[in-house]
There are 2 protein chains.
Amino acid sequence: MKLSTKGRYGLRAVLDLAVHADDEAMALSQIAERQSISMNYLEQLIAKLKKAGIVTSIRGAQGGYKLALPAEEISVGDILRALEGDLSPVDCSLVTSNEGICSNADSCVTKYVWKRISDSINDAVDTIKLSELVAESRKVQAGIGTTDTKAKQTCGNSVK
Amino acid sequence: MKLSTKGRYGLRAVLDLAVHADDEAMALSQIAERQSISMNYLEQLIAKLKKAGIVTSIRGAQGGYKLALPAEEISVGDILRALEGDLSPVDCSLVTSNEGICSNADSCVTKYVWKRISDSINDAVDTIKLSELVAESRKVQAGIGTTDTKAKQTCGNSVK
DNA sequence: GTATAACCAAGTAATTTAATAGGAATTAAA
DNA sequence: TTTAATTCCTATTAAATTACTTGGTTATAC
């Protein structure tokens with residue numbers, strides 16, 4: 001139940017692009033260096049983002065990438081789904097037609113659980129817009145450390 | 001971002017136990033057969049559930065497993081965390097101390113995203129009690145198919 | 001025309017997953 | 001007191017996935 005580096009690196013890369021973008025295109029090599037991500041690997045991630053219509057590219061010298069939309073119109077959900085595929089906790093085929101159509105009452109019932117989890121994840125990520133993260137990033141930039149203690153709370157044994 | 005078979009099989013196994021349990025202990029072989037799960041594999045899963053205090057065991061002939069608590073007092077979250085480890089979308093160490101303490105503003109900011117996702121997942125699973133699933137399972141048993149069309153809605157291309 | 005960049009496809013090492021296998025310990029019942 | 005049933009425990013393994021790396025080709029500003 002973990003995101004891969006695709007989602008983790010990819011979100012950072014898009015955020016980097018959003019924070020540092022002016023109207024010029026930004027070369028991938030710059031993002032890769034700032035974020036300490038392998039440029040070749042990042043290439044594969046940005047290809048997915050481009051395919052999903054989140055970034056656009058300009059080829060050739062002085063080329064690079066731009067956001068395809070204003071940051072207010074891009075949600076974290078859009079970015080993560082582009083990189084990770086759907087964010088459901090089980091494969092879609094399992095939700096619909098797993099093991100025959102509800103041949104077993106219990107697998108039928110657990111589908112409700114997967115759907116509730118899926119909905120809550122998608123709801124969470126869809127309500128976070130890239131613009132919020134940009135704003136937050138600029139705040140952090142200018143007064144380090146404020147956020148870190150909060151983040152630590154996630155890590156107790158009792159997550160609840 | 002998928003649950004493994006540990007979580008999927010394990011939840012079904014606990015539900016099976018809850019549905020079919022009387023006051024006698026239930027042998028794992030019966031659960032394995034009813035749920036079409038390898039008995040040897042299920043053994044490993046139930047060991048985790050036992051360690052987490054969700055089931056108790058009785059050894060020897062006529063032995064088996066029982067719920068350690070009434071189904072109303074066991075949440076799906078308890079079960080899934082026992083089987084899968086914590087349900088955060090990133091490893092905890094990443095949330096607290098990844099890549100130095102916020103050496104990079106963007107990784108610092110994305111931690112908020114992981115925390116929001118984590119909280120929403122845990123909130124979703126903690127509010128579903130095993131007893132609800134038992135009731136639902138009995139309903140399904142007696143009038144197949146009502147749930148299936150609903151489950152299908154998860155599967156469109158647009159999850160939103 | 002040359003440097004700079006995006007674009008593309010294949011390969012690979014390491015890790016994780018989903019089991020399988022084989023036995024030891026415990027206990028109810030014959 | 002033996003036997004059968006059952007939990008308990010550890011090690012091994014095949015397959016899949018992940019996280020890259022490698023080695024190019026194509027487009028374009030200067």
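FYI, side chains are in, hydrogens and waters are out, and symmetry mates aren't considered; it's all heavy atoms of this structure. To find a chain, count down the sequence lines: A is the first, B the second, and so on, and within it residues start at 1.
- Whole-Å rounding puts the A:K66 NZ to C:dA5 P distance at 15 Å.
- With sequence neighbours excluded, the residues forming a side chain to side chain contact (heavy atoms under 4.5 Å, CB included) with A:A52 are A:I54, A:A82, listed by chain and number.
- The side chain of A:A61 sits closest to C:dT4 out of C:dA6, C:dT4, C:dA18.
- Remark: C1' of D:dC20 and CG of A:L83 are 16 Å apart, rounded to the nearest angstrom.
- Of all the residues in residues 33-49 of chain A, A:S38, A:N40, A:Y41, A:Q44 reach under 4.0 Å from DNA chain D with at least one non-hydrogen atom.
- In this structure, CG of A:L3 is placed 15 Å from C1' of D:dT17, rounded to the nearest angstrom.
- Phosphate contact (OP1/OP2 of C:dC7, side-chain N/O of A:S57, threshold under 4.0 Å): present.
- As a whole-Å value, the separation of B:Y9 OH from C:dT17 C1' is 11 Å.
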Pairs counted only when both distances fall under 3.5 Å, Watson-Crick or G-U: show me the 5' to 3' dot-bracket for DNA chain D, [ ] for pseudoknotted crossings and | for other-strand partners.
||||||||||||||||||||||||||||||

Could you walk me through whether B:D16 and B:R12 pass the salt bridge (charged side-chain N to carboxylate O under 4.0 Å, His left out) test, one step at a time?
CA-CA 6 Å; B:D16 184 283; B:R12 259 165 59 207; over 6 Å; no

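- Taking for each of A:M1 and A:M26 the nucleotide of DNA chain C with the nearest heavy atom, the 5'-most of the two is the partner of A:M26.
- One finds no side-chain N or O of A:K2 lying less than 4.0 angstrom from the OP1 or OP2 phosphate oxygen of D:dT18.
- Listed by chain and residue number, A:K66, A:A68 satisfy the side chain to side chain contact (heavy atoms under 4.5 Å, CB included) test with A:T56 (two or more places apart in sequence, or in another chain).
- Contact between the side-chain N/O atoms of B:K50 and the OP1/OP2 oxygens of D:dC8 is found at a separation under 4.0 Å.
- No donor-acceptor pair under 3.5 Å is formed between the side chain of A:S88 and the backbone N or O of A:D91.
- The distance between atom CD1 of B:I58 and atom P of D:dA5, rounded to the nearest whole Å, is 18 Å.
- Not counting sequence neighbours, B:S36 has no partner by the side chain to side chain contact (heavy atoms under 4.5 Å, CB included) test.
- For D:dT7, the base has a donor-acceptor partner in the side chain of B:R59 [N/O atoms by modelled type, under 3.5 angstrom].
- Under the rule for a side-chain hydrogen bond (donor to acceptor under 3.5 Å, both in side chains), the partners of B:S57 that lie at least two apart in sequence or sit in another chain are B:K50.
- Distance alone, capped at 3.5 Å, is enough to place a donor-acceptor pair between the B:T110 side chain and the B:D106 backbone.
- Between the side chain of B:R59 and the backbone N or O of B:G64 there is no donor-acceptor pair closer than 3.5 Å.
- Between B:K6 atom NZ and C:dA18 atom P there is a gap of 6 Å when expressed in whole angstrom units.
- With a 6.0 Å radius and a threshold of 12 heavy atoms from other residues, nucleotides or ligands, B:E73 has its CD atom above the threshold.
- Dashed line: the shortest gap from a side-chain N or O of A:T5 to OP1 or OP2 of D:dA19 is under 4.0 Å.
- Between the CZ atom of B:R12 and the C1' atom of C:dA18 there is a distance of 14 Å, rounded to whole Å.
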